[in-house]
Amino acid sequence: MKIDSIELRKIFLPYISPFKTSGWVEDGNYGIITKINAEGFIGWGEAPAGLEPWYNEETTSTAWAVMQEILVPILLNNEIKSPADVDKLFEPVRGNKIARAGLEFAVWDLFGKINNLSLSKMLGGVRKQIPIGVSIGIQDSISVLLKLIETYLQSGYRRIKIKIKPGWDVEPVEAIRKKFSDILLQVDANSIYSMNDANHLQKLDDYDLLLIEQPLAHDDIFDHAKLQKKLQTPICLDESIVSPQHARWAIELQACRVINIKPVRVGGLTAAKIIHDMAANATIPVWCGGMLETGIGRAVNAALASLDNFKLPGDISENRRYFKKDIVKNPFMMNNDGTITVPDAPGHGAIVDEDFLDEVTLEKLIIKTSV
Ligand code: OSB
Ligand code: MG
């Protein structure tokens with residue numbers, strides 16, 4: 001494939017309401033949209049880094065710099081025969097997985113369009129619809145939280161995830177269980193607890209949670225293995241699994257019983273699929289997490305979640321759960337049975353609204369192949 005040009009855009013797309021986790025608040029998507037022109041086709045990708053390094057070490061600015069200085073020149077100076085080549089070419093780059101994924105997605109999209117194959121098909125997807133859940137940030141009060149959950153359940157969401165932190169964990173979970181005794185419920189701590197909280201976290205075992213996501217440090221696997229031995233609730237790792245190697249370590253150490261796969265966290269779809277297959281072999285179920293992406297990243301996640309071992313509902317809510325208007329013309333809408341339909345158009349299937357994308361673009365850079 002001969003690449004003609006690569007375009008990077010920093011965007012700001014505001015959320016309908018701020019999203020609050022145990023450690024930070026976000027008021028919108030400040031990601032990078034990538035666009036690759038090749039062979040008469042256009043591939044789109046998204047690197048959903050935030051302004052600050054609260055989730056992982058990357059930010060919009062670091063991803064932009066690494067793309068501009070390192071990753072884009074690698075793509076322009078090498079022959080790419082398949083999307084898997086991108087993972088190999090980027091392999092020597094340490095970290096910077098969100099930046100890598102943002103460009104890798106655009107190459108997958110391009111190959112799908114050139115070969116008339118959907119991303120789901122290219123990845124080996126088996127599902128046409130995927131069940132979806134909703135991730136709810138920390139709220140001002142339990143009554144506000146319960147009302148929100150009621151609204152989401154009424155609109156059809158199949159699973160509720162709430163963010164937790166010290167002071168906002170056992171009580172909201174208990175209140176939810178009292179009111180909604182049989183819903184699929186899980187919690188996400190985004191690395192706020194330590195081993196000293198093990199006894200406190202054991203209290204969550206009384207509420208039949210699907211899982212507790214990333215209770216301990218963002219880069220820990222070892223202590224999670226010790227904590228899992230003390231909890232009945234399955235631990236699910238998010239932040240800690242940044243590569244297939246890390247997934248193998250976590251599985252061998254029994255640090256988790258479930259894995260949240262976000263392709264952006266592991267450098268792209270090639271690594272995500274390896275982790276999926278590895279987990280399947282170990283009978284560890286996976287599900288697809290999210291990073292409050294625009295419709296581009298959301299379409300990529302939906303394609304990935306069509307693979308067989310995605311056994312639990314994903315954080316792939318309808319676009320309108322986050323954005324008044326998204327940068328795609330074909331936002332996901334939930335079907336009556338709490339699923340979304342996996343796109344079967346060539347590539348990831350997101351149709352970018354370029355006029356609206358222009359409106360939300362803060363900065364743009366076009367890098368052309370020198371001839
Ligand atoms: O930890 O899963 C997380 C959002 C931003 C960063 C990290 C996380 C999240 C979410 C929301 O929980 C996922 C989504 O709905 O896209
Ligand atoms: Mg998480």
Side-chain angles (χ1 to χ4, degrees), residues 13 15-31 46-60 63 97-98 101 130-139 148-149 152 155 157-165 168-169 185-193 209-220 224 234-242 250 256 258-266 286-302 304-305 312-323 326 331-332 334 340:
L13 195 61
Y15 298 140
I16 289 171
S17 56
F19 189 79
K20 189 172 176 190
T21 75
S22 62
W24 73 94
V25 187
E26 296 178 50
D27 64 350
N29 178 319
Y30 290 90
E46 172 178 1
L51 283 185
E52 296 105 353
W54 305 148
Y55 169 75
N56 71 5
E57 79 289 355
E58 293 182 83
T59 71
T60 311
K97 300 290 173 80
I98 298 180
I130 53 169
I132 60 172
V134 60
S135 174
I136 304 178
I138 289 167
Q139 303 298 313
L148 255 183
I149 292 176
Y152 285 129
S155 64
Y157 283 103
R158 287 257 194 115
R159 182 226 67 196
I160 299 293
K161 155 171 155 184
I162 66 160
K163 295 289 188 182
I164 56 167
K165 65 171 186 179
W168 181 266
D169 44 31
L185 180 64
Q186 64 192 53
V187 296
D188 186 358
N190 288 107
S191 308
I192 200 71
Y193 297 100
L209 300 178
L210 285 172
L211 55 92
I212 172 169
E213 191 176 338
Q214 197 72 32
L216 306 178
H218 70 98
D219 54 357
D220 170 78
H224 278 103
I235 289 179
C236 167
L237 291 177
D238 172 357
E239 282 90 330
S240 301
I241 307 296
V242 296
C256 60
V258 182
I259 295 176
N260 164 342
I261 301 184
K262 292 177 183 172
V264 292
R265 195 192 61 227
V266 299
V286 305
W287 57 282
C288 188
M291 294 284 285
L292 311 173
E293 290 96 339
T294 73
I296 297 174
R298 210 162 283 284
V300 170
N301 289 342
L304 180 67
L312 297 168
D315 277 348
I316 315 172
S317 314
E318 293 183 311
N319 309 56
R320 64 178 178 179
R321 177 250 181 284
Y322 304 101
F323 308 112
D326 200 337
F332 287 105
M334 207 180 338
I340 53 170

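Counting begins at 1 with the first residue of the sequence. Start at 1 and go down the list; that is how both ligands and their atoms are numbered. In this text the structure is predicted, and so the values were computed from the model without any measurement.
Ionic pairing of D315 and R159 is present here: one or more N-O contacts between side-chain nitrogen and carboxylate oxygen are shorter than 4.0 angstrom. A salt bridge links K161 with E213: the closest approach of a Lys/Arg side-chain nitrogen to an acidic carboxylate oxygen falls below 4.0 angstrom.
Within ligand 1, counting atoms from 1 as listed, the ones closer than 4.0 Å to a heavy atom of K163 are 1 (O), 2 (O), 3 (C), 8 (C), 9 (C), 10 (C), 12 (O). Close contacts of ligand 1 with D238, meaning ligand atoms under 4.0 Å from a residue heavy atom, involve 1 (O), 2 (O), 3 (C). Ligand 1 places these atoms under 4.0 Å from at least one heavy atom of F19: 4 (C), 10 (C), 11 (C), 12 (O). Counting the atoms of ligand 1 from 1 in the order shown, those under 4.0 Å from a heavy atom of Y55 are 7 (C).
Of all protein heavy atoms, the one lying nearest to atom 16 (O) of ligand 1 is L292 N, 2.8 Å. Closest to atom 14 (C) of ligand 1 among all protein heavy atoms lies Y322 OH, 3.1 Å. For atom 1 (O) of ligand 1, the closest non-hydrogen atom of the protein is N190 ND2, 2.8 Å. With hydrogens left out, the protein atom closest to atom 5 (C) of ligand 1 is E26 OE2, 3.8 Å, a heavy atom.
Counting only distance, with no hydrogens or angles, the side chain of Q214 and the backbone of D238 share a donor-acceptor pair below 3.5 Å. Side chain of R265 to backbone of M291: no donor-acceptor contact under 3.5 angstrom is found. Looking only at distances, a side-chain donor or acceptor of T60 sits under 3.5 Å from a matching main-chain atom of Y30. When atom types are taken as modelled, the side chain of S22 and the backbone of A189 share a donor-acceptor pair closer than 3.5 angstrom.
With a heavy-atom cut-off of 4.0 Å, V134 does not touch ligand 1 at all. Heavy atoms of I316 found under 4.0 angstrom from ligand 1: none, in either backbone or side chain. Residue K161 touches ligand 1 through its side chain alone, judged by heavy-atom distances below 4.0 Å.
Side-chain contact between K163 and V187: absent, with no pair of heavy atoms (C-beta onward) separated by less than 4.5 Å. Using a 4.5 Å heavy-atom cutoff, the side chains of N29 and F323 are in contact. Looking at heavy atoms from C-beta onward, I259 lies out of side-chain contact with C236 at the 4.5 angstrom threshold.
Checked by atom type, the side-chain pair E239/N190 shows a donor-acceptor distance below 3.5 Å.
Heavy atoms of Q214 come nearer than 4.0 angstrom to ligand 1 in no pair at all.
For the atom pair SG of C288 and CD1 of I261, the computed distance is 8.0 Å after rounding to the nearest 0.5 Å. Atoms CG and CD, from L148 and Q139 in turn, are 5.0 Å apart once rounded to the nearest 0.5 Å.
When the heavy atoms of E293, M291, K262, R321 are ranked by distance to atom 8 (C) of ligand 1, first place goes to K262. Considering only non-hydrogen atoms, atom 9 (C) of ligand 1 lies nearest to G290 out of S135, S22, G290.
Inclusion of S317 in the set of residues having an N or O under 3.5 Å from an N or O of ligand 1 is not warranted.
Residue-and-atom listing of protein N/O/S atoms under 2.8 Å from the Mg ion (ligand 2), sorted by chain and number: D188 OD2, E213 OE2, D238 OD2.
The two residues P18 and V25 have their closest heavy-atom pair at CB-CG1, 3.8 Å.
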